[in-house]
Amino acid sequence: MSEADVLIVGGGPAGVAAALELRRQSVARVVLLEREPHLGGATRHCSHSPFGMREFGRVYLGAAYGRRLEAEIARAGVELRTGHSVVRIEPDGQLHVTSPRGVETLAAKRLLIATGTRETPRAARLVSGDRPVGVVTTGALQAYVAFHGLMPFRRPLIVGSELVSLSAVLTCKSHGARPVAMIEPGPHPLAPAPLMAFPRLMGVPFHAGAELVDIKGTTRVEEATVRLADGTERIFACDGVLFTGRFTPESALLRQSAIGVDAGSSGPAIDPFGRTADPHVFAAGNLLRAVETGGWSFREGRAVGRAMAEDLARGEAGDDADALIPVTFDPPIKLAVPGLIRRGARATPAFPDFQLRFLRRARGRLALLIDGRETWSARGAWMPERRVLVPIPCAALTADAVHLRFEEAA
């Protein structure tokens with residue numbers, strides 16, 4: 001058994017930032033585990049910018065950003081182990097890990113899980129039809145382009161309208177592919193309105209309220225049937241279907257553990273310091289809620305790393321499960337991060353705000369109630385899958401009840 005002060009699972013922006021901050025706070029032995037041969041997480045797949053503006057004061061392409069992360073890790077004295085896959089989390093900071101050396105058990109005073117997120121593939125979307133070549137996610141597309149110099153299609157249909165969908169348009173257009181259209185099953189695009197001008201400027205028609213119902217093709221994709229908002233069906237001649245977005249946290253490790261995941265976010269519930277229900281285990285980055293930018297995840301990982309260093313300096317983590325208070329909320333709020341309040345915790349919070357997501361477009365009044373008393377409110381129109389921030393007051397850290405109330409306008 002090998003032991004460290006902190007074990008970090010995941011070498012994306014959040015995991016790397018936490019490792020750097022822990023070393024900056026003089027934590028002696030920090031071990032970073034990454035299953036891929038290089039750091040960077042999903043950013044490595046992106047053959048475009050911008051990455052690194054806030055972290056490093058300059059703009060990087062995805063692969064170059066990953067190399068900068070590796071350089072920072074080496075400079076900070078973090079012990080990096082690539083090619084290591086964690087298969088199970090045990091209580092009190094133990095991990096079962098596989099690597100080319102075999103199976104081993106690693107232990108640490110604290111764990112940080114920062115395994116990121118993944119897109120929802122075709123199978124999970126329950127799209128019927130043939131199974132030809134040319135049906136991929138954005139991550140697969142960008143891996144083909146970045147690592148192999150391959151473009152799997154020339155005339156794809158793009159499904160989704162999140163920020164990553166715009167990244168998919170850029171990847172296609174910059175590598176010789178011309179999407180036939182972009183469709184969004186919901187009634188409104190999920191990316192902010194000004195950015196949705198980009199597909200049209202690139203000559204890609206956009207259809208909201210359009211659902212992909214069938215894919216046809218023998219060896220590769222030949223056409224896709226789409227039900228438009230008015231109920232009519234349209235057949236798009238295409239040689240590929242690109243599923244984008246609908247991210248879900250990569251939380252399989254936590255689902256198998258005693259920690260579990262939150263029903264709304266599909267990631268672990270944490271307190272404002274980044275700790276899960278197990279006080280030895282912290283979490284950060286897109287594992288918490290899908291999905292944020294690499295820069296946001298880096299800043300979040302750095303803040304959680306600082307909170308972990310303070311926690312280590314105070315000594316042994318206590319078993320304070322009875323002091324956990326769930327953060328509750330009204331529909332159509334989908335999730336709240338942090339989702340737990342740990343009464344009596346003593347540290348500088350890593351999360352200054354509750355991060356909310358709405359399930360659908362809603363207009364009304366949002367309010368924060370601490371022990372039944374309203375401490376914050378705002379009116380507005382709230383869009384699905386957009387980041388909504390509600391400040392966490394000091395009173396919330398000692399409260400018996402924290403509730404996010406939403407009153408929808410008539």
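Being a predicted model, the structure only gives us computed values, none of them experimental. Start at 1 with the first residue, then count along the sequence.
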TODO: Look at the side chain of Lys173 and the backbone N and O of Met202, then say whether any donor-acceptor pair between them is shorter than 3.5 Å.
DONE: yes
key: Within 6.0 angstrom of Tyr144 OH, more than 12 heavy atoms from elsewhere   = no
Under 3.5 Å donor-acceptor, Thr98 side chain and Val103 backbone: no
Note: Pro205 and His207 closest approach over all heavy atoms is CB-NE2, 4.1 Å
*Please examine the side chains of Leu157 and Val226, heavy atoms only from C-beta on, and report whether any two atoms are closer than 4.5 Å.*
yes
ask   = Are any non-hydrogen side-chain atoms of Arg275 and His280 less than 4.5 angstrom apart?
value = no
- Query: Is it true that atom CZ of Arg125 has more than 12 heavy atoms of other residues, nucleotides or ligands lying nearer than 6.0 Å?
  - Reply: yes
Check whether any side-chain N or O of Thr293 sits under 3.5 Å from a backbone N or O of Trp296 as a donor-acceptor pair, and report yes or no.
yes
Is any side-chain heavy atom of Asp278 closer than 4.5 Å to a side-chain heavy atom of Ser257? no
| Can you check whether Ala191's main-chain N or O pairs, donor with acceptor, with Arg386's side chain at less than 3.5 Å? | yes
Residues at least two apart in sequence or cross-chain that pass salt bridge (Lys or Arg N to Asp or Glu O under 4.0 Å) with Arg118, listed by chain then number, are Glu250
Notebook entry, point to check: Could you go step by step and tell me if Glu162 and Glu385 meet the side-chain contact (heavy atoms from CB on, under 4.5 Å) rule?
Noted result: CA-CA 9 Å; Glu162 300 178 41; Glu385 301 305 332; 5.6 Å; no
Are there more than 12 heavy atoms of other residues, nucleotides or ligands under 6.0 Å from atom CZ of Arg122?
yes
Are the side chains of Thr348 and Arg306 in contact, using a 4.5 Å heavy-atom criterion?
no
*Return yes if some donor-acceptor pair links the side-chain N/O of Thr138 with the main-chain N/O of Leu242 below 3.5 Å, else return no.*
no
Item to complete: Check step by step if salt bridge (charged side-chain N to carboxylate O under 4.0 Å, His left out) holds for Arg110 and Glu310.
Response: CA-CA 12 Å; Arg110 301 291 185 275; Glu310 289 186 30; over 6 Å; no
Those residues at least two apart in sequence (or on a different chain) that pass salt bridge (Lys or Arg N to Asp or Glu O under 4.0 Å) with Arg178 are none
Sorted by chain and number, sequence neighbours left out, side-chain hydrogen bond (donor to acceptor under 3.5 Å, both in side chains) with Arg75 holds for Glu72
message = Please determine whether side-chain contact (heavy atoms from CB on, under 4.5 Å) holds for the pair Trp376 and Leu366, giving the CA-CA distance in whole Å, both sets of side-chain angles, and the decisive distance to 0.1 Å.
response = CA-CA 8 Å; Trp376 177 93; Leu366 179 63; 3.9 Å; yes
| Heavy-atom distance under 4.5 Å between the side chains of Phe206 and Arg200, does that happen here? | yes
Residue pairs meeting side chain to side chain donor-acceptor pair (under 3.5 Å), one or both in residues 239-249, sequence neighbours left out, come to Ser165-Thr244
Taken in chain and number order and not counting sequence neighbours, the residues that satisfy side-chain hydrogen bond (donor to acceptor under 3.5 Å, both in side chains) with Glu374 are Arg365, Arg405
- side-chain contact (heavy atoms from CB on, under 4.5 Å) assessment of Ile89 paired with Ile113: CA-CA 10 Å; Ile89 301 175; Ile113 312 299; 3.9 Å; yes
Look only at the side chain of Arg343 and the backbone of Ala399, and say whether a donor-acceptor pair between them is shorter than 3.5 Å. yes
For Glu211, the salt bridge (Lys or Arg N to Asp or Glu O under 4.0 Å) test, sequence neighbours excluded, returns Arg227
For Thr115, the side-chain hydrogen bond (donor to acceptor under 3.5 Å, both in side chains) test, sequence neighbours excluded, returns none
Residues at least two apart in sequence or cross-chain that pass salt bridge (Lys or Arg N to Asp or Glu O under 4.0 Å) with Arg373, listed by chain then number, are none
**Item:** From CA spacing to verdict: salt bridge (charged side-chain N to carboxylate O under 4.0 Å, His left out), Lys109, Asp5
**Value:** CA-CA 5 Å; Lys109 298 173 185 175; Asp5 290 310; 3.2 Å; yes
Where the side chain of Gln94 meets the backbone of Thr105, is there a donor-acceptor pair that is under 3.5 Å apart? no
>> Less than 6.0 angstrom from the centroid, inside 45 degrees of the normal: does Arg68 satisfy that with respect to the ring of Tyr60?
In response: no
With Phe153 as partner, the option from Leu141, Val133, Val221 fulfilling side-chain contact (heavy atoms from CB on, under 4.5 Å) is Leu141
In short, side chain to side chain donor-acceptor pair (under 3.5 Å) pairs touching residues 11-20 with sequence neighbours left out are none
Residues Val291 and Arg357: closest non-hydrogen pair is O-NH2, 3.7 Å
- Query: Got Cys172 and Val169 here, is their nearest side-chain heavy-atom distance under 4.5 Å?
  - Reply: no
ring-ring contact (aromatic ring centres under 6.0 Å, His included) for Phe298 and Phe56? Distances and angles first, verdict last. CA-CA 11 Å; Phe298 189 96; Phe56 306 120; 5.7 Å; yes
Residue pairs passing the ring pair (Phe, Tyr, Trp, His ring centres under 6.0 Å) test with at least one member in residues 12-43, sequence neighbours excluded, are none
Quick one: side chains of residues 323-332, donor-acceptor pairs under 3.5 Å with protein atoms, not counting sequence neighbours, listed by atom name and distance.
residue, atom, partner, partner atom, Å
Thr328, OG1, Val402, O, 3.3
Thr328, OG1, His403, ND1, 2.7
Asp330, OD1, His403, NE2, 3.0
Asp330, OD2, His403, NE2, 3.4
Asp330, OD2, Phe406, N, 3.2

**Message:** Check this for me: Arg363, atom CZ, are more than 12 non-hydrogen atoms of other residues, nucleotides or ligands nearer than 6.0 Å?
**Reply:** no
Tightest non-hydrogen contact, residues Arg154 and His175, listed as NH1-O, 3.1 Å
Side chains of Phe236 and Arg234: does their closest heavy-atom pair fall under 4.5 Å?
-> yes
Check: Under 4.5 Å between any side-chain heavy atoms of Arg302 and Glu55, yes or no?
Finding: no
(message) So does Asn286 get a backbone contact from the side chain of Glu292, meaning a donor-acceptor N/O pair under 3.5 Å?
(response) no
**Asked** Distance-only, no hydrogens or angles: does the Asp371 side chain make a donor-acceptor pair with backbone N or O of Asp400 under 3.5 Å?
**Response** yes
Ring pair (Phe, Tyr, Trp, His ring centres under 6.0 Å) filter on Phe282, not counting sequence neighbours, yields none
**Message:** Tell me whether Glu34 contacts the main-chain N or O of Gly10 through its side chain, where contact means a donor paired with an acceptor under 3.5 Å.
**Reply:** no
_For Val241 and Val127: C-alpha separation, side-chain torsions, deciding distance, then whether side-chain contact (heavy atoms from CB on, under 4.5 Å) applies._
CA-CA 11 Å; Val241 175; Val127 176; over 6 Å; no
Rounded to the nearest 0.5 angstrom, the CG-OG1 distance for Leu340 and Thr276 is 8.5 Å
Interatomic distance, CG@Leu253 vs CZ@Arg255, rounded to 0.5 Å, equals 11.5 Å
TODO: Determine, stepwise, if the pair Ser167 / Gln142 fulfils side chain to side chain donor-acceptor pair (under 3.5 Å).
DONE: CA-CA 9 Å; Ser167 172; Gln142 292 174 335; 2.9 Å; yes
